[in-house]
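First comes the structure, then the notes that go with it.
Just so it is clear, the model here is predicted, and its values are computed rather than measured. Lettering of chains follows the sequences in order, A, B, ..., and the numbering in each one begins at 1. All heavy atoms count here, side chains included; hydrogens, waters and symmetry mates do not.
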There are 2 protein chains.
Amino acid sequence: MPESIEDLPPRQREVLRLIVSLTEEHGYPPTLAELAQAMGLRNRMTVHQHVVALKKKLLVHWEPGLNRSLTVIGEAAQDQRESTLPAESQTSRRGVPLAGTIAAGRPIDAIETDEYLEIESGYADSGCFALKIKGDSMLDDGIHDGDYVIVKPQPTPRNGEIVVAVLGDGTATLKRIYKEKGGFRLQPANSQMEPILLDKSENLQVQGVVVGLFRKFS
Amino acid sequence: MPESIEDLPPRQREVLRLIVSLTEEHGYPPTLAELAQAMGLRNRMTVHQHVVALKKKLLVHWEPGLNRSLTVIGEAAQDQRESTLPAESQTSRRGVPLAGTIAAGRPIDAIETDEYLEIESGYADSGCFALKIKGDSMLDDGIHDGDYVIVKPQPTPRNGEIVVAVLGDGTATLKRIYKEKGGFRLQPANSQMEPILLDKSENLQVQGVVVGLFRKFS
DNA sequence: CGCTACCCCATACATAAGTATAGTATGACT
DNA sequence: AGTCATACTATACTTATGTATGGGGTAGCG
């Protein structure tokens with residue numbers, strides 16, 4: 001039976017595919033419960049049985065009793081990866097269509113360009129991460145409480161950039177950073193708040209610079 | 001001194017290195033117990049404390065309560081890698097890891113919730129599109145010139161929502177919409193601008209409502 | 001018909017793994 | 001002398017996760 005993967009039962013094949021995609025998505029393998037949820041199942045046992053079947057067929061590696069040790073063996077991993085085929089059956093698009101420009105002022109007649117606004121693709125691959133904003137100190141820069149900022153890890157910011165600053169006591173805050181004689185100034189964008197001044201002796205770690213902002217409107 | 005990784009405490013640095021190497025070795029991230037064993041420690045708690053410290057410094061991504069969710073963020077991952085592989089087909093993730101909450105105000109030592117911020121996936125599939133903002137009329141709502149808004153097609157907005165309004169003459173604008181006696185009011189979020197009043201006879205088409213906002217920092 | 005492969009469910013249990021609390025010890029710095 | 005960061009330990013708790021047991025169905029096949 002050389003063509004094992006092709007004539008797998010549908011659900012087993014689906015499990016195989018999900019293991020690969022969920023692992024890629026999170027950076028670590030899924031649990032049975034997560035697989036079950038992804039398949040719309042109420043019970044882990046169903047997935048358990050499927051995985052046992054896959055294991056018997058030597059398509060997955062699974063350490064008994066070990067959490068999240070589920071990995072796909074050999075070529076099966078490649079075969080289940082999305083990258084191979086033309087676009088259509090893709091579950092979701094990579095990006096939001098950018099329909100054009102709109103006026104937030106005098107109305108203009110908009111809608112021209114036709115491309116895709118790819119928010120994540122550039123960031124996710126370059127080690128960026130997101131932080132949820134708590135507080136209003138960057139309000140004047142249009143960063144509101146509850147927004148998400150996307151941070152690119154980078155220890156050496158340029159002057160005036162918005163950075164994630166980790167202070168000596170382990171607390172983190174979001175501010176614009178300016179070099180001053182003898183140290184740094186962490187400047188909030190809110191007229192009611194005072195800057196934080198640090199001299200060189202004090203411990204300051206810049207975790208990264210803000211490269212993007214995202215807000216959800218309920 | 002924004003030199004983060006170099007002057008980490010030795011054990012924390014070791015933990016960072018071990019996370020990477022153990023993940024490569026097994027194909028999935030280690031648990032605290034495994035890390036402890038690899039470091040010759042008898043107790044998980046020691047590693048736990050180190051990892052918490054790394055998390056505060058935003059060097060690792062760790063979902064609370066989730067087994068084997070420990071991953072290294074950003075360049076730190078590269079720096080700790082021994083193999084120096086070209087990092088080839090980096091499993092491009094679906095989404096940006098949401099590392100926690102950061103203070104834009106008084107520094108807090110937060111960092112609690114953890115998940116992935118999936119910006120596009122929810123929108124791209126539901127017919128949403130993006131528009132680039134031109135003008136400052138929504139400034140007080142934190143929508144700036146050059147931002148991108150994500151619009152969900154929907155002809156019947158609720159009161160007070162931000163909508164893409166297409167006027168009778170074909171021009172489009174972004175405003176909050178309110179029902180008034182006998183018509184609608186399109187309200188800018190800028191104290192220096194006046195609302196647009198429309199009565200029912202006038203042609204007003206709502207293209208959709210704003211469900212998201214995205215901004216790129218150059 | 002019995003038999004099999006496939007697919008799903010629920011309950012219960014055992015253990016793996018993360019977390020809280022509370023200590024001890026060392027060295028650096030004030 | 002005190003405080004602080006680092007580093008480790010121990011016990012106990014909660015939850016996440018895997019597993020066993022015992023059921024249901026459907027469909028094809030000899």
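- In B/Gln37, the CD atom is not crowded: 12 or fewer heavy atoms of neighbouring residues, nucleotides or ligands sit closer than 6.0 Å.
- Whole-Å rounding puts the A/Leu70 CG to D/dG18 P distance at 8 Å.
- Picking from D/dT9, D/dA20, D/dA16 the nucleotide with the shortest atom distance to the side chain of B/Leu41 gives D/dT9.
- Nearest nucleotide to the side chain of B/Gln12, out of D/dA7, D/dT21, C/dC7: D/dA7.
- Look at CZ on A/Arg42: it is 6 Å from P on C/dC9, rounded to the nearest Å.
- Using a 4.0 Å cut-off, some side-chain N or O of A/His48 falls inside it from OP1 or OP2 of D/dT19.
- Under the side-chain contact (heavy atoms from CB on, under 4.5 Å) test applied with A/Asn190, the options A/Gln187, A/Gln192, A/Glu194 reduce to a single match, A/Gln192.
- Neither side chain, B/Tyr28 nor A/Glu63, offers a donor N or O lying under 3.5 Å from an acceptor on the other.
- The residue A/Thr31 sits close only to the backbone: its heavy atoms come under 4.0 Å of sugar-phosphate atoms, none of a base.
- Judged by atom type and distance alone, A/Gln49 reaches the base of C/dC8 through a side-chain donor-acceptor pair under 3.5 Å.
- Annotation for B/Ile133 and B/Asp145: closest pair O-OD1, 3.2 Å, computed over non-hydrogen atoms.
- Dashed line: the shortest gap from a side-chain N or O of B/Arg68 to OP1 or OP2 of C/dA17 is under 4.0 Å.
- In this structure, CE of B/Met45 is placed 8 Å from P of C/dA20, rounded to the nearest angstrom.
- A/His50 has a side-chain polar atom (N or O) that falls below the 4.0 Å cut-off from OP1 or OP2 of C/dC8.
- Closest approach to the A/Thr46 side chain among D/dA7, C/dC8, D/dT17 is made by C/dC8 (side chain taken as heavy atoms from C-beta onward).
- Residue B/Lys55 contributes atom NZ, which lies 12 Å from atom P of C/dG18 at whole-angstrom precision.
- Contact annotation: B/Arg11 does not reach the phosphate of D/dT6 (side-chain N/O to OP1 or OP2, under 4.0 Å).
- Between the CG atom of B/Leu66 and the C1' atom of D/dG18 there is a distance of 15 Å, given to the nearest Å.
- A residue-by-residue look at A/Glu34 and B/Gly40 shows that B/Gly40 has its nearest nucleotide of DNA chain D further toward the 5' end.
- Taking only distance into account, the side chain of A/Asn43 meets the base of C/dA10 through a donor-acceptor pair shorter than 3.5 Å.
- Atom CG in A/Leu8 sits about 9 Å away from atom P in C/dC6, given to the nearest Å.
- Rounding to the nearest 0.5 Å places CD of A/Gln12 at 10.5 Å from NZ of A/Lys56.
- One interatomic measurement links the two molecules: CG of A/Leu32 to C1' of C/dA17, which rounds to 15 Å at whole-angstrom precision.
- Taking atom CG of residue A/Asn67 and atom P of nucleotide D/dT15, one finds them 16 Å apart after rounding to whole Å.
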